[in-house]
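Here the structure comes first, spelled out in C-alpha cells, and everything after it is commentary.
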Number of protein chains: 2
Amino acid sequence: MNFSKTTSYSLSILSYMAINEDENMSAKYLHDKLSIPYPYLRQILTNLSHHGFIKSQRGRSGGFTFSKPKEQISIADIVATTDGLRSLSNCILGFKKCPFNKQCSMHSVWEKTRNDIVKILNETSLADIVKRAE
Amino acid sequence: MNFSKTTSYSLSILSYMAINEDENMSAKYLHDKLSIPYPYLRQILTNLSHHGFIKSQRGRSGGFTFSKPKEQISIADIVATTDGLRSLSNCILGFKKCPFNKQCSMHSVWEKTRNDIVKILNETSLADIVKRAE
DNA sequence: ATTAAATGCTATAAGCAGATATCATATATG
DNA sequence: CATATATGATATCTGCTTATAGCATTTAAT
Ligand code: FES
Ligand code: FES
C-alpha cells in the first residue's frame, strides 16, 4: 500500500533538488543528504535523466540539474516512470474479473478516495512542493 | 501503491466466503471460483485459519468456515495479518528522517486522504461487504 | 599533461514476495 | 476396512525489485 523503493527514491531526489536548487547536485552529494544507497542512487539518477526531468553534467564538479520547469513536473509524471498509476485502478479487494459479475462491494467506497489520490498526484508539481516547503 | 498479492487474495477469499456462506468452502472450490493459484491459496487459507478468522474441517468433504461473527472482522484486521497498515503512516515522498528537519511538503495534503483510507479499512466489516453485495 | 572527481554503461549479486511441490494426517463415504 | 478427498506442515523454486561492482568516458583544477 505504498510506492516502490525506486519511486520513493525518485520522489525524494527530485523534491530535494527542487527545494535546494542552488546547491551542487552530484550523486555523491545527494547520497550524503538523502542516505540512498550510492550505486542505486546512480541508477535512479540515470533513469530520471533519460526521462527528461534532469540533465547531467559529466566530469569534475559535474552533477545534475533540472532540464525543464518545475511547474511542468507533476508527482504523477515521476511515478509514471517507475510504478505507474495503473495499480490505483485495480480493485482494492484484488479481483481481476469480478466473481460476482459486477463491481465488488468495496468499489463505491474506494472510488472516491482513490480519485483523491490520483488528483493529488496529478495536480501537485515540484513547484508546488517548493512553495509548501517555504 | 496497492496491497500485496497475499493481502488482495486474503480479501478476495474472505469477502467471497462472507457473501456465499451457504456453499461448501474447500480450497479446491475457492480455487475454481477465484482463480487463485491452488498451492498459494492453500497457504493463505492456513494463514487466515491461524489468525482466527476461519476454522478448518479436515478430511473428506472438509473445508473452511468462519470462526467468528463477520461483524467482528474489519478489512484492517485482515490487512494487519499480512502487509499491515504501517506503510500508510510512511511519508509519501519516501523520507524516513525528513532531510528538511520537518514534515515533508506533501505531508498535509496527503494526511487527509491517508486518514480516509485508514478509516474505510477500519470501519468496513465483512458484514458490511455482504450488505453492500445484496 | 596529470590527476581527481564526476557521470555513462552494464553485468551481476542478494533478498523477498509469489508460487510450487510433496508428504503426512484426518475423515466421510462406500 | 479401503479409498477418495480434504487440510497441516514445510521445503524448495522462480522471478522481480533492490542493491552492488567495475570499467569507460568526460571535465575541471593543478
Ligand atoms: S471492483 Fe473492487 S474496488 Fe472496484
Ligand atoms: S513527512 Fe512526507 S508525507 Fe508526511
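Values in this document were obtained by computation on a predicted structure and should not be read as measured data. Naming convention: chains lettered A, B, ... in sequence-line order (proteins, then strands); numbering from 1 in each chain.
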Interatomic distance where CG belongs to D83(B) and C1' belongs to dA17(C) [whole Å]: 10 Å

Any residue of residues 51-61 of chain B with a heavy atom less than 4.0 Å from an atom of DNA chain C: Q57(B), R58(B), G59(B), R60(B), S61(B)

Sugar-phosphate only, base, or nothing, as touched by P37(B) at under 4.0 Å among non-hydrogen atoms: sugar-phosphate

Mutual orientation of the aromatic rings belonging to H31(B) and Y38(B) [parallel < 30°, tilted 30-60°, perpendicular > 60°]: perpendicular

Closest non-hydrogen atom pair, A18(A) against V130(A): O-CG2, 3.4 Å

Nearest listed nucleotide, side chain of F64(B), among dA19(D), dG18(C), dG8(D): dG8(D)

Sugar-phosphate, base or nothing in reach of Y38(A), heavy atoms under 4.0 Å: base

Atom-pair distance (CZ on R42(A); C1' on dG22(D)), nearest Å: 11 Å

Interatomic distance, N47(A) CG vs dT7(C) P [rounded to whole Å]: 15 Å

Electrostatic pair D128(B)-R132(B), nearest N-O below 4.0 angstrom: no

Distance in angstrom units between N2(A) CG and dT17(D) C1', rounded: 13 Å

Nearest-nucleotide comparison on DNA chain D, the residue closer to the 5′ end among Y40(A) and S49(B): S49(B)

Distance in angstrom units between K28(A) NZ and dT7(C) P, rounded: 11 Å

Whole angstrom value for the distance that separates C1' of dA6(C) from CG of L30(A): 13 Å

F53(B)/F66(B) aromatic ring centres below 6.0 Å: no

Test item: I13(B) and L30(B) side chains (from C-beta on) under 4.5 Å apart, heavy atoms: yes

Pair I44(A)-T82(A), side chain to side chain contact (heavy atoms under 4.5 Å, CB included): steps then yes or no: CA-CA 10 Å; I44(A) 292 170; T82(A) 49; over 6 Å; no

Output one line per pair: protein atom, nucleotide atom from nucleotides 10-15 of chain C, and distance, for all N/O pairs under 3.5 Å.
unit_1, atom_1, unit_2, atom_2, d
dA11(C), N6, Q43(A), NE2, 3.4

Between Y9(B) and Q43(B): side-chain donor-acceptor atoms closer than 3.5 Å: no

I44(A) CD1 to dT7(C) P, straight-line distance once rounded to whole Å: 14 Å

Any Y9(B) side-chain nitrogen or oxygen under 4.0 Å from OP1 or OP2 of dG18(C): no

Separation of atom NE2 in H31(B) from atom P in dT7(D), rounded to whole Å: 13 Å

Residue-phosphate contact under 4.0 Å: H50(B) side-chain N/O, dG8(D) OP1/OP2: no

Pairwise side-chain hydrogen bond (donor to acceptor under 3.5 Å, both in side chains) hits with a residue in residues 61-77 of chain A, at least two apart: E21(A)-K70(A), S74(A)-D77(A)

Pairwise distance OG(S26(A)) to CZ(R42(A)) - rounded to 0.5 angstrom: 10.0 Å

